Amino acid sequence: MTQNIILTTGIYDAIKDHLRRKKVTPNEEVRLTSELRNAVQVRRRELPEDVVTVDRKVTVKDHTLNKEEEYIFVGVAEARPKKNKHSILSDMALATMGYKVGDIVEYPFKDGERRIEILKVENWEG
């Protein structure tokens, strides 16, 4: 599992602002605050291709619900959940943002703790 998540400065700032606005549960706040404290910030072009970030198609396995799903993470304004385009501030994006292929993340979703494995990360251009 990745020691520290890797985020672009823009994503880091967006999550920090989301926390400041109290848009998450107390458990999520504790988890995200801790992750941000230890996060490695890089420029977009320095971000490894297998790291979850904006404009990437991500395949995850939810071990808790025993299902595999694909998400496309986009900016907040471009989010269209019915077209599988999810905001970088959606629950699944917040849980996986900055992690890389092979990582298993235990995250306190609103409906309870879930174990998510990142199977695949691909560039996506809409």
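Computed from a prediction, not measured in an experiment: that's the story for all the values here. No hydrogens, no waters, no symmetry mates; every other heavy atom, side chains included, goes into these values.
Two residues are said to be in side-chain contact when any heavy atoms from C-beta on lie closer than 4.5 Å; Asp55 and Phe73 fail this criterion. Counting heavy atoms from C-beta outward, Leu7 and Val40 have side chains that stay 4.5 Å or more apart. Annotation: side chain of Leu89 is in contact with side chain of Ile15 (closest heavy-atom distance under 4.5 Å). Side-chain atoms of Val105 and Arg31, non-hydrogen and from C-beta on, do get closer than 4.5 Å to each other. At a threshold of 4.5 Å between non-hydrogen side-chain atoms, the residues Asn66 and Lys61 count as touching. Between Met97 and Ile11 the shortest side-chain heavy-atom distance falls below 4.5 Å. Side-chain contact between Glu69 and Lys67 is present, with heavy atoms from C-beta onward closer than 4.5 Å. Contact of the Ile118 side chain with the Val52 side chain is registered, since non-hydrogen atoms from C-beta on lie closer than 4.5 Å.
Separating the CD atom in Gln41 from the CD1 atom in Ile5 is a distance of 9.5 Å, to the nearest 0.5 Å. In this structure, OG1 in Thr64 is found 9.0 Å from CG in Asp111, a value given to the nearest 0.5 Å. To the nearest 0.5 Å, atoms CD (Glu68) and NE2 (His63) are separated by 9.0 Å. Thr59 contributes atom OG1, which lies 6.0 Å from atom CD of Glu122 (distance to the nearest 0.5 angstrom).
Panel note: side chain Asn38, backbone Glu35; no donor-acceptor pair is recorded below 3.5 Å. Side-chain atoms of Ser34 do not come within 3.5 Å of backbone N or O of Val30 as any donor-acceptor pair. Listed for the Ser90 side chain is no donor-acceptor partner under 3.5 Å among the backbone atoms of His86. Between the side chain of Asn84 and the main chain of Glu70, a donor-acceptor pair closer than 3.5 Å is present.
The side-chain hydrogen bond (donor to acceptor under 3.5 Å, both in side chains) with Tyr107 is formed by just one residue from the set Glu28, Glu113, Arg115; it is Glu28.
For the residue pair Met92 and Ile116, the shortest heavy atom distance occurs at CE-CD1, 3.9 Å. The two residues Thr25 and Pro108 make their nearest non-hydrogen contact at OG1-O, 4.4 Å. Counting all heavy atoms, side chain and backbone alike, Leu94 lies closest to Leu32 at O-CD2, 3.7 Å. The two atoms that bring Ala93 and Ser87 nearest to each other are CB-O, 3.4 Å, heavy atoms only. Contact detail for Val101 and Leu119: the closest heavy-atom pair is CG1-O, 3.5 Å. Nearest heavy atoms, Lys57 versus Ile72: CG-CG1, 4.0 Å.
Using a 4.0 Å cut-off between charged nitrogen and carboxylate oxygen, Asp13 and Lys16 do not count as a salt-bridge pair. A salt bridge is absent between Arg56 and Glu49; no separation between the charged side-chain nitrogens and carboxylate oxygens falls under 4.0 Å.
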Original post:
Does the side-chain contact (heavy atoms from CB on, under 4.5 Å) test come out yes or no for Ile88 and Val74, once each step is laid out?
Top reply: CA-CA 6 Å; Ile88 56 165; Val74 296; over 6 Å; no

Subject >> Verdict with supporting geometry, Val60 and Tyr71, side-chain contact (heavy atoms from CB on, under 4.5 Å) >> reply: CA-CA 8 Å; Val60 299; Tyr71 295 86; 3.7 Å; yes

**OP:** Starting from the C-alpha separation in whole Å, work towards a yes-or-no answer on side-chain contact (heavy atoms from CB on, under 4.5 Å) for Ile104 and Tyr99.
**Re:** CA-CA 9 Å; Ile104 296 177; Tyr99 285 95; over 6 Å; no

Original post:
Going through the checks in order, is the side-chain contact (heavy atoms from CB on, under 4.5 Å) test met by Lys110 and Asp91?
Top reply: CA-CA 8 Å; Lys110 289 170 180 61; Asp91 289 347; 3.1 Å; yes

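Within the cation-pi definition used here (under 6.0 Å to the ring centroid, within 45° of the axis), Arg114 qualifies as a partner of Phe109.
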